[in-house]
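What follows is a short report on a single structure.
This one's a predicted model, so the numbers in the text were calculated from it and none came from an experiment.
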Amino acid sequence: MAVSRISAPEIAGTSALPLEEGERRALDVVRRLGTVGALLLAAGSLGAGAAPVLNPVQDIPVLRLFIRIPTVSLAVAFAGMAMMVIAWLLLGRFARPGNARMASNRQLSRTLAMWLTPLVAIPPLFSRDVYAYLAQSEIVHRGMDPYSLGPAAALGVGDPLTANVSLLWRETSPPYGPLYFRLGGWLAGISGNNTILGVLLHRGLALIGVALIVWAAARLAKRFGVPPATALWLGAINPLVLFHLVAGAHNDSLAIGLMMAGLELGLRRLPARVKGDSPPPLADGELLFIALGTAVITVGVSVKLYAIVALPFFAVMVARRWHGRVADLVRAAVPMFVVFAVVLVAVCLGSGLGFGWVANLGTPGLVRSLLSPVAELVSLGGLLGIALGLGNHTEGLVPILNVLGYATAAAITLKFLWASFRWRYRPIIGLGVSLGAVMVLQVTLQPWYLLWAVIPLAAAAGTSRFRVAATAVSVVLSLASYPNGGTYGGSSFVVVQAIVAALVVVALAVVIVARVEPQLIRRPDGSWFSAAAGPPTSGS
């Protein structure tokens, strides 16, 4: 993954002219294509989504037809996914650095709202994790400890909330922070055993996270010399956000949003400084906003632990703003650690859930993902053991390689921390790369985990190589998951038939777009539609 070296001030303004009338018409075509895709995905989810065991759609005339035609539902969902991905790629032409005219933040935010609205009130997609959130939140609502009791033990196997949880997670306790489950406990008091309402409420928490990502990404991008439109397109409107954070209702959304918002708040009063310049005097409210940013990031940690990686890089940002000496790093890190400890203890004790979540941090390792290179090494090691007559030691390799993966990620993090402190990289670039290493080097890697790296990098990485790589990864991972999060009932021919049908529909949609707005499809030279990736932005 390409990273950006420091060569300009940390804060740089970015500006571009507004779109002309013809460009706005083209943008409207792209918006409609993505909206139609979202509507198709929403319709397909009725028969291909991760529906609850007691599916209320079965009692709704017309809509229940989707349940009875699973191949058609899956084809409709696939077509919607592909159309949304194509629309996102076309939207990137309006947000490419180097263009004289670019879409505004308001235009992109409106596009995001149009695309995510159909996905708000649908069954969960790509994963059943939200049903585990509901059951664990109900445990909290009933006054029990979710970190010591799984849904089956706490609620009973016959409870409707337990019935919706995947078998693997019915007996396990979650690794998520106490704030998320305290919020979930309050929401459980509203939804009770109403699974549909519970899913909608938890999706509301995910939407809050998306709103925080939009708010922080645009401001951080402007601060680091990246066009805000580029950061919003790659970070907030990314299909992985729409498919997994919104449609999948994952709690990563809230944690990432709080992490990004904390960084923006912490840097709000921090003056720009280039290596070699004398540090300016303290600005009004500078220390207060540093403490506020640290507190907000810590709140994100109390949702999901990964946000903790942002704190040491934030300390490096503060130390570099001062004299950039080791003493300055210590002077920044110590009070930030105090704020972190106070806020985390306050959240853990104030939530009434304590620190039991820390003991469960290894729970996700129970699942080996096909996307994970570490998991593939585990499988390879098991096969070699069998081939050499040493027996099948696959399960025994999981904790060993998982520890080695995290150790490698820790080494990468330390390397980028030190390199950032020595002014070789922007600290937020180091944060994105380090989070990427943490996510990739674990056996349970899921498609949406990469957003932990992509979103902060989108706000600061100005090189075209990064944008091309991040775009390619986003496209591949967005199309790598089935709408129900797994194999389709073991019938591979159903998936093949659905994909073929979806390709026909998508091809027809592309032909229509090409006839309505041919400039979106062809590659004219010298216009704002130029296919060049654009030059690196200032400070890259």
Side-chain angles (χ1 to χ4, degrees), residues 37-58 60 63-64 66-67 70 73-74 76-78 80-81 84 115-138 151 159-170 174 176 180-181 183-184 187-188 190-191 193-210 239-255 304 364 367 369 446-449 451 477-489:
L39 289 169
L40 289 177
L41 180 56
S45 72
L46 298 176
V53 174
L54 299 177
N55 191 351
V57 176
Q58 294 176 337
I60 303 176
L63 294 184
R64 63 189 175 195
F66 286 95
I67 301 176
S73 295
L74 191 59
V76 170
F78 276 143
M81 291 169 60
M84 292 185 73
W115 291 0
L116 66 78
T117 297
L119 306 179
V120 170
I122 63 173
L125 285 173
F126 310 104
S127 168
R128 302 186 68 87
D129 284 0
V130 68
Y131 295 126
Y133 301 162
L134 295 182
Q136 291 150 356
S137 297
E138 179 63 20
D159 189 280
L161 294 177
T162 303
N164 293 318
V165 180
S166 299
L167 292 175
L168 181 63
W169 306 123
R170 291 184 184 182
Y176 312 123
Y180 187 76
F181 285 126
L183 295 174
L187 296 181
I190 299 173
S191 61
N193 285 337
N194 188 324
T195 303
I196 304 303
L197 179 57
V199 169
L200 295 178
L201 291 175
H202 278 261
R203 190 169 277 145
L205 291 180
L207 290 175
I208 292 174
V210 172
L240 290 173
V241 172
L242 296 168
F243 293 171
H244 296 286
L245 298 191
V246 176
H250 286 284
N251 56 17
D252 298 72
S253 177
L254 186 59
K304 204 160 188 177
V367 173
S369 169
Q446 300 295 336
W448 61 92
Y449 284 14
L451 290 171
L477 293 181
S478 294
L479 299 176
S481 301
Y482 293 115
N484 64 343
T487 58
Y488 203 73

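Distance check: D129 CG to H202 NE2 gives 12.5 Å after rounding to the nearest 0.5 Å. Rounding to the nearest 0.5 Å places CG of L125 at 9.0 Å from CZ of F243. Atoms CG and CG, from L200 and L205 in turn, are 11.5 Å apart once rounded to the nearest 0.5 Å. Annotation: the span from T162 atom OG1 to E138 atom CD amounts to 9.0 Å, rounded to 0.5 Å. Atoms CG and OG, from L207 and S253 in turn, are 7.5 Å apart once rounded to the nearest 0.5 Å. Note that CH2 of W115 and CE of M84 are 7.0 Å apart. Values are rounded to the nearest 0.5 Å.
N251 is listed as a side-chain neighbour of Y180, based on a closest heavy-atom distance under 4.5 Å. The shortest distance between side-chain heavy atoms of I190 and L201 falls below 4.5 Å. For the pair L168/R128, no side-chain contact is recorded, criterion being any heavy-atom separation below 4.5 Å from C-beta on. In this structure, the side chains of L477 and L240 come closer than 4.5 Å at one or more pairs of heavy atoms. Contact of the H244 side chain with the S478 side chain is not registered, since no non-hydrogen atoms from C-beta on lie closer than 4.5 Å. With contacts defined as side-chain heavy-atom distances shorter than 4.5 Å, the pair L161/N193 qualifies. A heavy-atom distance below 4.5 Å is found between the side chains of I196 and P52. Inter-residue side-chain proximity for L41 and P118 is flagged as unmet; no heavy-atom pair is nearer than 4.5 Å.
Closest approach of L40 and G80 over heavy atoms only: CB-CA, 3.8 Å. A249 approaches A206 most closely through the heavy-atom pair CA-CB, 4.2 Å. Residue A48 comes nearest to S73 through the heavy atom pair N-CB, 4.0 Å, listed as atom of the first residue, atom of the second, then distance. Taking all atoms of both residues into account, the shortest heavy-atom contact from V76 to G44 is CG1-N, 3.8 Å.
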L119/L242 under side-chain contact (heavy atoms from CB on, under 4.5 Å): CA gap, chis, key distance, verdict: CA-CA 8 Å; L119 306 179; L242 296 168; 4.2 Å; yes

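Checked against the 6.0 Å centroid criterion, the rings of Y133 and Y176 qualify as a close aromatic pair. For H250 and F126, the distance between ring centers is not under 6.0 angstrom.
Counted within 6.0 Å of CG on L54, heavy atoms from surrounding residues, nucleotides or ligands total 12 or fewer; the atom is thus considered open.
For Y131 (side chain) and A50 (main-chain N/O), a donor-acceptor pair under 3.5 Å exists by modelled atom type. In this structure a side-chain-to-backbone donor-acceptor pair under 3.5 Å is present from R203 to V120. Under the 3.5 Å distance criterion, the side-chain polar atoms of R170 are left unmatched by any main-chain donor or acceptor of N164.
A search for side chain to side chain donor-acceptor pair (under 3.5 Å) contacts involving N194 returns nothing, not counting sequence neighbours.
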